[in-house]
Visitor: 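Let me give you the structure first, and then I'll get to my questions.
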Number of protein chains: 2
Amino acid sequence: MRPSDLPEIRHLPLFSEMLQANFEQLMQGAYAQNFPAGVELIHQGDPADFLHIVVEGAVELFAEWGGQSCTMALVQPVGTFILAACIKDAPYLMSARTLEKSRIILIPAPDLRAVFRRDPEFAVSTINELAGCYRAVVRHAKGLKLRSSRERVAAYLVKHLRRVAPRQCFDLPVEKRLIASYLGMTPENLSRTLRLLEADGVTVLGTRVTVTDYARLAAVAQPDPLLDGPDP
Amino acid sequence: MRPSDLPEIRHLPLFSEMLQANFEQLMQGAYAQNFPAGVELIHQGDPADFLHIVVEGAVELFAEWGGQSCTMALVQPVGTFILAACIKDAPYLMSARTLEKSRIILIPAPDLRAVFRRDPEFAVSTINELAGCYRAVVRHAKGLKLRSSRERVAAYLVKHLRRVAPRQCFDLPVEKRLIASYLGMTPENLSRTLRLLEADGVTVLGTRVTVTDYARLAAVAQPDPLLDGPDP
DNA sequence: TCATTAAATTGACAAATATCAATCATATCA
DNA sequence: TGATATGATTGATATTTGTCAATTTAATGA
C-alpha cells in the first residue's frame with residue numbers, strides 16, 4: 001500500500017466518518033495491486049472476498065448470462081464496488097474488469113463486517129453508501145423500462161453534459177460499445193441513434209460530443225432526477 | 001396499532017436483532033392504517049417521511065415517466081418498502097399503491113435514522129436489508145438486459161413454481177398486466193408469449209399455471225441464482 | 001512508419017416487440 | 001341475477017431493435 005493512497009480513501013464518504021483507529025485497522029489488512037488493462041478482477045458467482053476500491057484507472061462492472069454480456073456500471077477513482085456482496089457474504093452478482101491500467105485497493109470482507117459491528121459511524125456510512133447504490137440501480141432500471149433507446153441516449157448525453165462539463169461539449173468517457181451496452185442496446189443501434197439525434201441539437205464526432213441546442217436535446221431526454229440522479 | 005401487529009414486525013429480519021427498548025421506542029412513534037384497494041400510498045418525488053411495512057394485503061411499487069408507468073416490485077406481508085429513501089432523506093424514487101385491502105405500519109423516518117445510530121444491531125440489520133434490496137434490483141436489471149421477454153416469462157414461472165409451490169401447478173399471485181409490466185413487456189406480448197410457451201411444457205388457464213414438463217420450461221428460462229435469486 | 005487489430009459506421013434485412021382495434025372472459029355491484 | 005366495467009385475448013399492422021456483412025476509421029505495436 002502506497003502512503004499516498006490512504007488520504008484519498010479516508011476522504012471517501014464510506015470511510016471519512018469512522019474512528020481513526022478502526023480505519024487504520026481496516027487498512028492494515030488491506031493491500032493494493034496494480035493491474036494492466038483488460039484484466040478480469042472478479043467473476044460473477046465467485047464468493048465475495050474483498051471490497052474493491054479503484055484508486056487509479058477505471059473498472060467496468062458487467063454481467064453475463066446465456067453467452068451474452070452487458071455493462072452494468074462504470075467505476076472511476078475514487079470509488080468502491082461490490083460492497084453488498086461482501087456484506088452479505090454472498091456470491092458476486094457482477095464481474096469486474098479493468099478498462100485501463102488500474103490501481104485497486106482490496107479490503108478483506110470479514111474485516112469490513114467486523115468493523116461496522118464495532119464502529120457505529122462506519123455502520124451509518126455503510127448504510128448511506130448502500131442506500132445510494134440501491135437508488136442508483138433503481139434509477140437505471142427505471143430508465144431501461146420507461147425510456148426508449150433514443151431517449152436513453154439523449155438522457156445519457158444530457159447527464160454527462162451537466163456533470164462532466166457545464167460547457168457545450170465534452171468527450172465520451174469510454175468506448176461507444178460500452179456505452180451502448182450500459183444503455184441496453186447494440187453498438188449499431190447507438191451509432192444510428194446518435195446520427196438521428198443530430199436533428200435534435202447534438203453532434204458526435206469520434207468521442208467528441210457537441211451540443212448545439214440544449215433545449216432540443218433536453219426535450220428528447222426529458223431529464224428527471226428520479227431517473228438520472230440528483231442535479232449536480 | 002393492533003397488539004397482534006407487533007410480534008410479526010418484531011420477527012422481520014430488519015427488527016429481530018435490535019434491543020427491545022429500541023424496538024419499543026420505534027413502535028411508539030409508529031402507527032397503523034388500513035387502506036382499501038387502489039389507494040396511492042406514496043407518490044414518487046415526494047419527500048420520504050415514513051418507512052412502510054405491509055402487514056396485510058399487497059402493495060405495488062411502480063414508476064412513472066413521460067406519461068407511462070411500470071411495475072417495479074410487489075410487496076407482500078410481512079415486508080417493508082422505501083427504506084433507502086427514508087435513510088437518505090431523499091425523494092421517493094417509486095410510487096406505491098395498494099392492490100387489495102391492506103394494513104400498513106408507518107414508522108417516521110427520523111425515528112429510524114435516530115435508532116440505527118444508537119443500536120449497532122439495528123444498524124447491522126439495516127445494512128443487511130439494504131444489501132439484499134440492492135442485490136434484488138441488480139438481478140432484476142440483469143434480467144431486463146440479458147434475457148428476451150420470452151426468457152423472462154419462463155424464468156418468472158420457474159421462480160414461482162419453486163418458491164410458491166414445489167408442485168406442478170400454482171396460481172399467479174397478481175393480475176397478468178402487472179406481471180407483464182414487472183417483466184418489462186406489454187400485456188399483449190405476455191399473453192402471446194404464454195401461448196407460445198405451451199410448446200415448452202407449461203399451460204396457463206386464467207390464473208392457473210400448470211407445468212407439464214419442467215425440464216423443457218427450465219431449458220427456456222435457464223434459471224440462474226445470479227438472476228433469479230437464491231434457490232429456496 | 002507501416003502493419004495489424006479493434007472499434008465504429010453503414011446498409012440490407014430479420015426478428016422482436018409495441019400499438020391499435022375488436023372481441024371475449026371475468027369480476028363486481030346494484 | 002343481470003348490467004357494467006375491467007382485464008385478457010386475438011388479429012392485423014407499425015415500429016423498434018437486433019443481426020449479419022461489408023467498409024471505414026481509429027488505435028496499437030513492432
Side-chain angles (χ1 to χ4, degrees), chain A residues 36-38 58 60 65-71 97-101 143-154 156-157 171-199 202-209 220, chain B residues 36-38 58 60 62 65-71 97-101 143-157 171-199 202-209 220:
Chain A
E60 177 198 3
W65 181 85
Q68 314 165 72
S69 158
C70 73
T71 303
R97 75 163 68 92
T98 54
L99 289 177
E100 36 187 279
K101 196 164 162 300
L144 290 171
K145 291 178 104 167
L146 290 169
R147 291 210 258 231
S148 70
S149 67
R150 173 163 171 269
E151 290 161 342
R152 291 201 295 278
V153 173
Y156 179 90
L157 295 178
D171 282 302
L172 294 172
V174 288
E175 290 171 347
K176 285 183 187 157
R177 48 183 270 275
L178 285 182
I179 296 173
S181 180
Y182 175 71
L183 296 176
M185 58 200 292
T186 59
E188 294 94 329
N189 193 10
L190 174 61
S191 186
R192 279 184 253 269
T193 302
L194 287 175
R195 193 107 352 267
L196 287 174
L197 281 176
E198 283 182 2
V202 64
T203 315
V204 182
L205 270 169
T207 61
R208 190 121 204 104
V209 179
V220 177
Chain B
E60 176 199 4
F62 63 102
W65 181 84
Q68 314 164 73
S69 157
C70 73
T71 303
R97 75 164 69 92
T98 54
L99 290 176
E100 36 187 282
K101 198 165 161 299
L144 289 171
K145 290 178 106 168
L146 291 169
R147 292 210 257 230
S148 68
S149 65
R150 175 164 170 266
E151 290 161 342
R152 292 200 294 277
V153 172
Y156 180 89
L157 296 177
D171 282 302
L172 294 172
V174 289
E175 290 170 347
K176 285 185 185 154
R177 48 181 270 274
L178 286 182
I179 296 173
S181 180
Y182 176 71
L183 296 176
M185 57 202 291
T186 58
E188 293 95 328
N189 194 10
L190 173 62
S191 185
R192 280 185 251 269
T193 302
L194 287 174
R195 193 106 353 266
L196 287 174
L197 282 176
E198 283 182 2
V202 64
T203 316
V204 182
L205 270 168
T207 62
R208 190 124 204 101
V209 179
V220 177

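Proteins get letters first, then strands, A, B, ... in listed order; numbering begins at 1 in each. Any value given below was found using the heavy atoms of this structure, including those in side chains, with hydrogens, waters and symmetry copies removed.
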Visitor: Give the rounded distance in Å between these two atoms: CG of Leu205(B) and C1' of dA8(D).
Guide: 13 Å
Visitor: Which part of the nucleic acid, if any, lies within contact of Gly38(A), taking any heavy atom under 4.0 Å across all strands shown: a base, the sugar-phosphate backbone alone, or nothing?
Guide: nothing
Visitor: Hey, what bend do you get for the helix from dT1(C)-dA30(D) to dA30(C)-dT1(D) if you fit axes on five pairs at each end, rounded to 10°?
Guide: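 The angle separating the two end axes equals 50°.
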Visitor: Measure the spacing between CG of Asp171(B) and OG1 of Thr207(B) and express it to the nearest 0.5 Å.
Guide: 4.0 Å
Visitor: Look up atom CG in Leu197(A) and atom OG1 in Thr193(A), then write down how far apart they are to the nearest 0.5 Å.
Guide: 6.5 Å
Visitor: Taking heavy atoms of chain A and a 4.0 Å limit, find me the 5'-most and 3'-most nucleotide of DNA chain C within that range.
Guide: dA7(C) to dA12(C)
Visitor: Can you tabulate the close N/O pairs, meaning under 3.5 Å, that link protein atoms to atoms of nucleotides 22-24 of chain D?
Guide:
none

Visitor: Locate the shortest heavy-atom distance separating Arg150(A) from Val220(A); write the atom from each residue and the value.
Guide: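 Looking at all heavy atoms of both residues, the closest pair is NH2-CG2, 3.7 Å.
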Visitor: With no hydrogens and no angle check, is any side-chain donor or acceptor of Gln68(B) less than 3.5 Å from a backbone partner on Leu146(A)?
Guide: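 It does hold such a pair.
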Visitor: Verify side chain to side chain contact (heavy atoms under 4.5 Å, CB included) between Val153(A) and Met185(A), making sure each step is shown before the conclusion.
Guide: CA-CA 10 Å; Val153(A) 173; Met185(A) 58 200 292; 3.6 Å; yes
Visitor: Out of curiosity, Arg152(A) CZ to Leu157(A) CG, how far, rounded to the nearest 0.5 Å?
Guide: 13.0 Å
Visitor: In whole Å, I'd like the distance from the CG atom of Leu196(A) to the P atom of dT17(D).
Guide: 11 Å
Visitor: Without decimals, in angstroms, what is the distance between Leu172(B) CG and dG7(D) C1'?
Guide: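 From Leu172(B) CG to dG7(D) C1': 13 Å.
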Visitor: Which parts of nucleotides 9-15 of chain D does protein reach within less than 4.0 Å, heavy atoms only, written one letter per nucleotide 5' to 3' as B for base, S for sugar-phosphate only and - for none?
Guide: SBBB---
Visitor: Is a side-chain donor or acceptor of Thr98(B) paired with a backbone partner of Gly38(B) at a separation under 3.5 angstrom?
Guide: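 Between the backbone of Gly38(B) and the side chain of Thr98(B) there is a qualifying donor-acceptor contact (under 3.5 Å).
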Visitor: Could you go through the side chain to side chain contact (heavy atoms under 4.5 Å, CB included) check for Leu172(B) and Tyr156(B) one step at a time?
Guide: CA-CA 10 Å; Leu172(B) 294 172; Tyr156(B) 180 89; 4.2 Å; yes
Visitor: At their closest point, which heavy atom of Lys145(B) faces which heavy atom of Cys70(A), and how far apart are they?
Guide: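 Reported closest heavy-atom pair: CB-SG, 3.7 Å.
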Visitor: Could you pull out all residues at least two apart from Arg192(B) that satisfy side-chain hydrogen bond (donor to acceptor under 3.5 Å, both in side chains)?
Guide: none
Visitor: For dG18(D), does either OP1 or OP2 sit under 4.0 Å from a side-chain N or O belonging to Thr186(A)?
Guide: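 Checking dG18(D) against Thr186(A), a side-chain N or O does come within under 4.0 Å of OP1 or OP2.
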Visitor: What side-chain donor-acceptor pairs closer than 3.5 Å can you find for residues 176-183 of chain B, not counting sequence neighbours?
Guide:
{"unit_1": "Lys176(B)", "atom_1": "NZ", "unit_2": "Gly206(B)", "atom_2": "O", "d": "2.9"}
{"unit_1": "Arg177(B)", "atom_1": "NH1", "unit_2": "Glu175(B)", "atom_2": "OE1", "d": "2.3"}
{"unit_1": "Ser181(B)", "atom_1": "OG", "unit_2": "Thr71(B)", "atom_2": "N", "d": "2.7"}
{"unit_1": "Ser181(B)", "atom_1": "OG", "unit_2": "Thr71(B)", "atom_2": "OG1", "d": "3.4"}

Visitor: Just how far is it from atom CZ of Arg147(B) to atom CH2 of Trp65(A), taken to the nearest 0.5 Å?
Guide: 5.0 Å
